[in-house]
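Below, read A as the first sequence line, B as the second, and so on, with proteins coming before strands; counting in each chain starts at 1.
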Amino acid sequence: MHSFGYRANALLTFSVTALAFICAIASFSDKFSNQNPSAEIQILNINRLKKQSYGNDEVSLTLDISADLQSLFTWNTKQVFAFVAAEYETSKNSLNQVSLWDVIIPDKEHAKFRIQTSNKYRFIDQGHNLRGREFNLTLHWHVMPKTGKMLADKIVMPGYSLPDAYK
Amino acid sequence: MMGWIGETVDSIKSIKIRQLLTQAVTLGMIVTSALIIWKAMMCVTGTESPVVVVLSGSMEPAFQRGDILFLRMTKDPIRTGEIVVFKIDGRDIPIVHRVIEVHERKTTGKVDVLTKGDNNDVDDIGLYADGQMWLHRHHIMGRAVGFLPYVGWVTIIMTEKPIIKYLLIGAMGLLVITSKD
């Protein structure tokens, strides 16, 4: 009853159980955090709206993105992944979502920012539907914990539109 | 040396049949309970792999090699930002990356999905099968909803150095046979 094997087994079982319990509590504590993130996106310029040589419409734009995501960080937060996506509808597709820009925010200090940038990822349609197209810009965030449940949400900003002609 | 061999042979001979059978049944019960729990998790989470181990660094710094991810698959539509686990046709290894583009057809509700690892410079087109431009719903096994660090290293070590797996199983077998209760 007091052999090394029994003691090692009991110790191992207890420590694994205790660790699992601590991880669960850490994750649960995230429920009590008060979160009010805010963001604003302006389109500074539509650089190009063109038809690719082998088919689809492509647009290149410059964005001014400002956001305050500091309230998302808790002691159990490892990083926040934020990205901006354009959402629009076409005759063929009920929903198109194209990610334009993203950032990995490692800590609270970096979570309040303003950046002017052209789109990091190419904005290409399935077809020729972008002229005059109205679209929403959404800022999504994904809170990745040190342990436990991940949390994701977004702010939708409607009312943007593309030029009526290729340029 | 001879004395030790004699002692081991004696201890093996002295195990009663009933005791041995009890131990075998107990072992069988443990293995079966583990299987039942695994299958139950498959039902609850809706995916055939409720837990996966992160194998590459393409989602760092969020997920490192050796972390485990808890997956869930629901009928909800697939949307950008979700971290999904998918398999390419003809390949066994599940890949954990983020959805960066979604195009959903009005008529059929089917989706074209493009993914990218957070830590990669380019999207996953190079990973898909030849001529494949998009992922579809049937490629996706589940969404990551939770995570635990470091716990998956056990699986990685046992997969990449199978000798450790055999050593462990051999040692467990020896323990079962020679333990006195």
Distance in Å, [X] [atom1] paired with [Y] [atom2], rounded so as to fall on 0.5 Å steps:
{"X": "A:F83", "Y": "B:T80", "atom1": "CZ", "atom2": "OG1", "answer": "4.0 Å"}
{"X": "B:E60", "Y": "A:I104", "atom1": "CD", "atom2": "CD1", "answer": "9.5 Å"}
{"X": "A:W101", "Y": "B:I100", "atom1": "CH2", "atom2": "CD1", "answer": "14.5 Å"}

Within a reach of under 6.0 Å around [atom1] of [X], are more than 12 heavy atoms found that belong to other residues, nucleotides or ligands?
{"X": "B:I93", "atom1": "CD1", "value": "no"}
{"X": "A:R114", "atom1": "CZ", "value": "no"}
{"X": "A:K120", "atom1": "NZ", "value": "yes"}
{"X": "A:Y166", "atom1": "OH", "value": "yes"}
{"X": "B:K87", "atom1": "NZ", "value": "yes"}

Any chain of hydrophobic side-chain contacts (each under 4.5 Å) joining [X] to [Y]?
{"X": "B:L55", "Y": "B:M141", "value": "no"}
{"X": "B:F86", "Y": "B:L114", "value": "yes"}
{"X": "B:L127", "Y": "B:V102", "value": "yes"}
{"X": "A:L44", "Y": "A:I41", "value": "no"}
{"X": "B:M73", "Y": "B:V84", "value": "yes"}

Given that the side chain runs from C-beta out, which part of [X] has a heavy atom under 4.5 Å from chain A: side chain, backbone, both or neither?
{"X": "B:P77", "result": "neither"}
{"X": "B:N119", "result": "neither"}
{"X": "B:D67", "result": "side chain"}

Please classify the contact of [X] with chain B as side chain, backbone, both or neither, using a heavy-atom distance under 4.5 Å.
{"X": "A:E89", "result": "side chain"}
{"X": "A:S91", "result": "backbone"}
{"X": "A:M144", "result": "side chain"}

Would you mind telling me which of B:V122, B:D118, B:D112 has the largest number of heavy-atom pairs within less than 4.5 Å of chain A?
B:D118

Most contact-rich option vs chain A, by heavy-atom pairs under 4.5 angstrom, among B:V151, B:L148, B:V145, is B:V145

Is there side-chain contact between B:P149 and A:K146, with heavy atoms separated by less than 4.5 Å?
no

Side-chain contact test, heavy atoms from C-beta onward, threshold under 4.5 Å: evaluate it for B:W134 versus A:Q126 and give yes or no.
yes

Minimum heavy-atom separation for [X] to [Y], with atom names?
{"X": "B:F147", "Y": "A:K78", "result": "CZ-NZ, 3.4 Å"}
{"X": "A:N93", "Y": "B:H103", "result": "ND2-CB, 3.8 Å"}
{"X": "A:I124", "Y": "B:E101", "result": "O-OE2, 4.1 Å"}

Can you tell me if B:K106 uses its side chain to pair, donor with acceptor, with the backbone of A:T90 under 3.5 Å?
yes

Return yes if some donor-acceptor pair links the side-chain N/O of B:E104 with the main-chain N/O of A:L95 below 3.5 Å, else return no.
no

Any donor-acceptor pair under 3.5 Å linking the side-chain atoms of A:H142 with those of B:R98?
yes

